[in-house]
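Please read the structure below before turning to the comments.
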Amino acid sequence: MNSDKQSNLFDMTPEPWEIDDESDFLVAQIAFSEPPFGPWDYLIPDELEATLLPGMRVAVPLGGQKERIGYCVRILGPGDPNRAQIDRRRLKPISRQIDPEPLIQRDLLPLADWISDYYLTPLGSVLETIVPTSVREQAGTREMVFLSLDENSSRDWNHLKLTDQQRRVLETLAGYTEALTQKELCELTLCTTAVISGLRRRGLIVAHQRRVQQRTHELRPEQPMQDLELNTEQKSALAAIEHALVAREDKTFLLLGITGSGKTEVYIRAIQQAVARGQQAIVLVPEISLTPQTRQRFRSRFERVAVLHSHQTAAERAWHWQSIAKGQVDVVIGARSAVFAPVPRLGLIVIDEEHDGSFKQDQQPRYHARDVALWRSKHQRIPLILGSATPSLESYQRGLGHEYQLLHLSKRALDFPLPQVSTIDMRADFSQGKAIQPISKKLRQEIRQAIEAGGQVILLLNRRGYATRVQCPACGEAIYCPDCSIPLTHHKEGSKLVCHYCDFQMPAPRDCPKCGFQAIRFSGLGTQKLEQYLQALFPDIPSARMDTDTMRKPGSHEAALAKFRSGETKLLMGTQMIAKGLDFPNVTLVGVVNADSALHFPDFRAAERTFGLVTQVAGRSGRGPKGGRVLVQTFSPEHPAIIAASRHDYVGFASYELNLREQGWYPPFGHLVRLIVRSEAVHLALQASETIAERLKQAQATLGLECKILGPAPAPVEKLRGKFRFHILLLAPRHAADSNTPRLQELVKQATENLKFPDEVAWIVDVDPMDLL
Ligand code: ADP
Ligand code: ZN
C-alpha cells in the first residue's frame, strides 16, 4: 500500500540480507497515529514471524527516524494478492515487537477501519482512541525481576559444593512452579541477597524481567438485590429482547419509556440473560449520569462490574480495562469510550439516554458511540438496546421505519402519575412594566408551599456564573472574550470575567473599558446570582448549587446529592447536571427558571434540545407518593417544543419536528457533514473555505451526487480561541438502501485530496455533527 510514496521516505540502497529472494516473506502493514499516517508496508523479520499479530505495536524505522512506534494492522502472507505486488527488496524490516499480546482486540480492527473510513480519520489516530492512554502506557504496572532455576540445570546438586543456605534456596525454588521475586525468596529461605547473588553468578539461578500489576482494584460487589416483579410493559419489552439474544440477532431496540418507567430494570434483566449464557454486556451512560447511584444499581445485581470513566486514575482505568480483556467482568458501565471495551464475548450493548450529546466525541476521531455500537451489533451479531424518554429524532425515525424495533413503556413503574406541568409566561410581568424577577411570584409561592408540605425542590437554570452579560449602560459596549466571539460571563467568586468556551479570564472591570463610564452593568442570570437571590428570598431554606464551578473537587457531586437525599438540603439548583437520571421520591416541585435559554440558538437541534431538557428535568418531580408539579418559566409559551414538553408529549413533538426536518434534508432525513476552516487571519480562513467549497462543487459534478453545499459562511461562533471560523455544510438525502450511492465522505475525500494550505490554516471534517455553533 502506498509503496510509491513510501519509497521516497527511505534510503533505497538494499541491505545485504535484502538481496536473497525468498518468496515466502511476510509483510506487515503499520499505521501511525501522527503523520505520515500510512499504513505502510514493512517486512516481518524471521524472529517475529511466529509472534507478531495484528493489533500489536511495533517499532520501525521511518524516514530519517530510527524508531517510530506504530500499530500492526494487517499481515499479508504469500497467498495474499496484495502481497504479490510488493517488492521485498524495497521493504525495511520491523525492528522490534512491543506488545506480547495484541492491544487491539481482533473484532475491533475492522471496526477501526470502518471508523477511519466513515469519519475520515487516519487509522492510527482511531487505534489510539480505542485503547486508553493508561493501557498503552501500562499505568499501574512495574517491571520486576523474577528468579527461577536455570531450566537446563539437572536439579541434582549433590555433586556441587554448596552451603546449607544455598541448597535451601535452590530447593525452595524447585518447589515452586512460578518464579519468585528476590524479596519472596529471601523471606522464604531466611537468606540474605548475597546468597542469591552467589548462585546467580554460578548460573544456577536465572533472573528475568516481567511487567506486573502493582495493585489490584476491587470490583466491589454491593449488597445483592432481588429482582423486581416486572409490569406488563416491561415484560413484553424484555421478551422481545430475550428473543433476539437467544437467536443471536443483530437487532436494535428503541426502548421509548417515560422517565421513571423502569427502563434500567429492563436493561438489567436482559443483561442477566446474556451473562447466564456466558456473555458480557456493555452499558453506556452519559458521563454525568455515571453516578455512584448508577454504579450501585448494577453492582447490586451483578458480581463483576467494571467501570470506565474519566475521573479514574490512570492505574485504575488500566486495571479495569485489563480485567475486561481477560474476561473477568460481566458488565462494563462507562461513558462514550466504553463502547470500545475489549470484552471477549460481547452479548449485548445498552445505551441509556441515547439522545445525549456526550456520546459524540468532539475531537478527532469525531465518532458517535451509538453508531459505533450499531457497527459492533451488526458485526458481532448481538442485540443493541437504545433507551430514552426523549430519543434522538434519528433513532425515533428509524423506529417508525421499522429499522429499529420500538418498545414502549408508557407508565411509571411505581404507578405514580407523571407530574402536572404548567408554563409561566414571563412576558406578562414585563408588559406590566415591572422589572423582571428571576423567579416569578407564582414559582416563589409554590416553592414555599412545597417546602412547608415537607417536600423538596429542584430548580434548573442552564447557565453558570453570576451575570451572563457585561455591558456599559452609557456607550453600549458589551465585553466579549478577546479570543472568541462570545460574551464574557461575570463570576462573582474571584470577581472575574470568564469565557465559557475557552476559559479566558480577566478581573471584572468597574469602569467601561471603552468610554470610562464608572458603573458598568452586570446583567443576565447565572446560577451564582440565582443562588444569592434565593438565599435572600428564602433564608430559612437550606439550599445547594450544582454546576461545574461548585463540583470541581472529586466527590463533591456525590456529597451534594447525599445531602439532598437525606433531606439536609431542601432546595437544589443547578445546570443540566441536575436534570438527568436523579431519582429522589421526595421532590414535589421542579422549576425551570428559563426554558428558552437554548431555544433560539442557530442550530437545527435547538428545539429538540430544549424539549429534551425540559422533559428530563420535569421527570425529576413526583417520583414518590406525595406526587409532584413542574413550573416552566418561559418567554415563548406558545413554542411547540415548550407546549409538547409541558404535556409530556414526545410523539407530538417528534411529529412536529420531523416534518420541519424533512423539508430541508436535515437528519434524520438527510446526511450532514460539516467542514470548519480556522485561522487567526480572517482572510486566510475565508479564502481557504472558498477553495474547499469550489472543489466540493467540482467533485459533486464528477460524482453526480445529489446533495446541497451550503456556505462557506461564518460559523455562528465566528471566532474561537483566537481563530476565525468559517463552515460549509453538506446535506444529502438519506435513502433506505444507501450502499450504492456515493457518500458525502467520497465527496469530501475527492475534494480535499492533496489540498495544501498555508500552515496558519487548519480545517476539520465533522461527519454527522451534533453541534453547529
Ligand atoms: P427509568 O430508567 O425508566 O427512569 P428506573 O428503572 O430508574 O426508570 O425505575 C424507576 C423506579 O421504579 C426505580 O426506583 C425502580 O427501582 C422502580 N421500578 C422499576 N421497575 C419496577 C417494577 N417492575 N416494580 C417495582 N418497582 C420498579
Ligand atoms: Zn474565549
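The analysis underlying the following values was restricted to heavy atoms, covering all of them including side chains, and did not include hydrogens, waters or symmetry mates.
Between the OG1 atom of Thr390 and the CZ atom of Phe653 there is a distance of 9.5 Å, given to the nearest 0.5 Å. For the atom pair Ile578 CD1 and Met551 CE, the distance stands at 10.5 Å (nearest 0.5 Å). Atom CG of Leu123 is separated from atom CD of Glu128 by 11.0 Å, given to the nearest 0.5 angstrom.
A salt bridge is defined here as a Lys NZ or Arg NE, NH1 or NH2 lying under 4.0 Å from an Asp or Glu carboxylate O, and Lys360 with Asp766 meets this definition. With respect to Glu753 and Arg695, no salt bridge is recorded, no charged nitrogen being found less than 4.0 Å from a carboxylate O. We find that Arg661 and Glu657 are joined by a salt bridge, their nearest charged nitrogen and carboxylate oxygen being less than 4.0 Å apart. Using a 4.0 Å cut-off between charged side-chain N and carboxylate O, Asp356 and Arg370 make no salt bridge. Checked for salt-bridge contact, Arg721 and Asp503 miss the test: no charged N lies under 4.0 Å from a carboxylate O.
Residues Phe604 and Tyr666 place their aromatic rings such that the two centres sit under 6.0 Å apart. Ring to ring, Tyr466 and His491 are not that close: their centroids are 6.0 angstrom or more apart.
Just one of Thr423, Thr610, Asp596 meets the side chain to side chain donor-acceptor pair (under 3.5 Å) condition when paired with Thr634; it is Asp596.
Counting only distance, with no hydrogens or angles, the side chain of Arg674 and the backbone of Val765 share no donor-acceptor pair below 3.5 Å. A donor-acceptor contact shorter than 3.5 Å is absent between the side chain of Ser679 and the backbone of Val682. A distance-only check finds no donor-acceptor pair linking the side chain of Arg336 to the backbone of Phe359 [under 3.5 Å]. Using modelled atom types, one side-chain atom of Thr294 and one backbone atom of Ser289 make a donor-acceptor pair closer than 3.5 Å. Side-chain atoms of Gln312 come within 3.5 Å of backbone N or O of Val307 as a donor-acceptor pair. For Glu680 (side chain) and Phe724 (main-chain N/O), no donor-acceptor pair under 3.5 Å exists by modelled atom type. Formation of a donor-acceptor pair under 3.5 Å by the Lys563 side chain with backbone atoms of Ser543 is not found in this model. Between the side chain of Arg464 and the backbone N or O of Thr548 there is no donor-acceptor pair closer than 3.5 Å. No donor-acceptor distance shorter than 3.5 angstrom exists from the side chain of Gln616 to the backbone of Ala579, with no hydrogens or angles considered. The main-chain N or O of Ala618 is never found under 3.5 Å from a side-chain atom of Ser621 such that the two would form a donor-acceptor pair.
Within the 4.5 Å cutoff, side-chain heavy atoms of Ser392 are placed close to those of Glu354. At least one side-chain heavy atom of Arg678 sits under 4.5 Å from a side-chain heavy atom of Ile764. In this structure the side chain of His355 never reaches within 4.5 angstrom of the side chain of Leu386, judged on heavy atoms. Within the 4.5 Å cutoff, side-chain heavy atoms of Asn594 are placed close to those of Leu461. For the pair Phe517/Asp511, no side-chain contact is recorded, criterion being any heavy-atom separation below 4.5 Å from C-beta on. Here the side chains of Leu488 and Ile486 are not in contact, with every heavy-atom distance at 4.5 Å or above. The closest side-chain heavy-atom distance from Leu658 to Phe669 is below 4.5 Å. Side-chain contact between Leu730 and Val748 is present, with heavy atoms from C-beta onward closer than 4.5 Å.
Sparse packing is recorded around CD of Glu34, with 12 or fewer heavy atoms of other residues, nucleotides or ligands lying under 6.0 Å away. No more than 12 heavy atoms of other residues, nucleotides or ligands shown are found within 6.0 angstrom of CZ on Arg521. When the shell of 6.0 Å around NZ of Lys529 is examined, it contains more than 12 heavy atoms from other residues, nucleotides or ligands. For Tyr480, the OH atom is loosely surrounded, since the number of other residues' heavy atoms within 6.0 Å does not exceed 12.
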Would you check, one step at a time, whether the test salt bridge (Lys or Arg N to Asp or Glu O under 4.0 Å) holds for Glu638 with Arg427? CA-CA 12 Å; Glu638 68 291 331; Arg427 292 172 306 192; 3.1 Å; yes
Using the side-chain contact (heavy atoms from CB on, under 4.5 Å) rule, take Leu773 and Tyr501 through it: C-alpha gap first, then chi angles, then the decisive distance, then the call. CA-CA 11 Å; Leu773 294 181; Tyr501 277 72; 3.9 Å; yes
Please test Gln633 against Leu443 for side-chain contact (heavy atoms from CB on, under 4.5 Å), starting from the C-alpha separation and ending with a verdict. CA-CA 9 Å; Gln633 300 193 143; Leu443 183 52; 3.6 Å; yes
Take Ile479 and Leu497 through the side-chain contact (heavy atoms from CB on, under 4.5 Å) test and state the conclusion after the steps. CA-CA 9 Å; Ile479 302 192; Leu497 303 187; 4.0 Å; yes
Passes side-chain contact (heavy atoms from CB on, under 4.5 Å), Lys723 versus Lys719? Steps please. CA-CA 5 Å; Lys723 307 257 169 71; Lys719 198 178 164 201; over 6 Å; no
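No side-chain donor from either of Tyr119 and Gln745 sits under 3.5 Å from a side-chain acceptor of the other. If you check the side chains of Asp547 and Thr575, you find no donor sitting under 3.5 Å from an acceptor. A donor and an acceptor atom, one from each side chain of Gln471 and Ser523, are nowhere located under 3.5 Å apart.
Using cut-offs of 30° and 60° on the angle between ring planes, the pair Trp114 and Tyr118 is parallel. Aromatic ring orientation, Phe611 versus Tyr650: tilted (interplanar angle from 30° to 60°).
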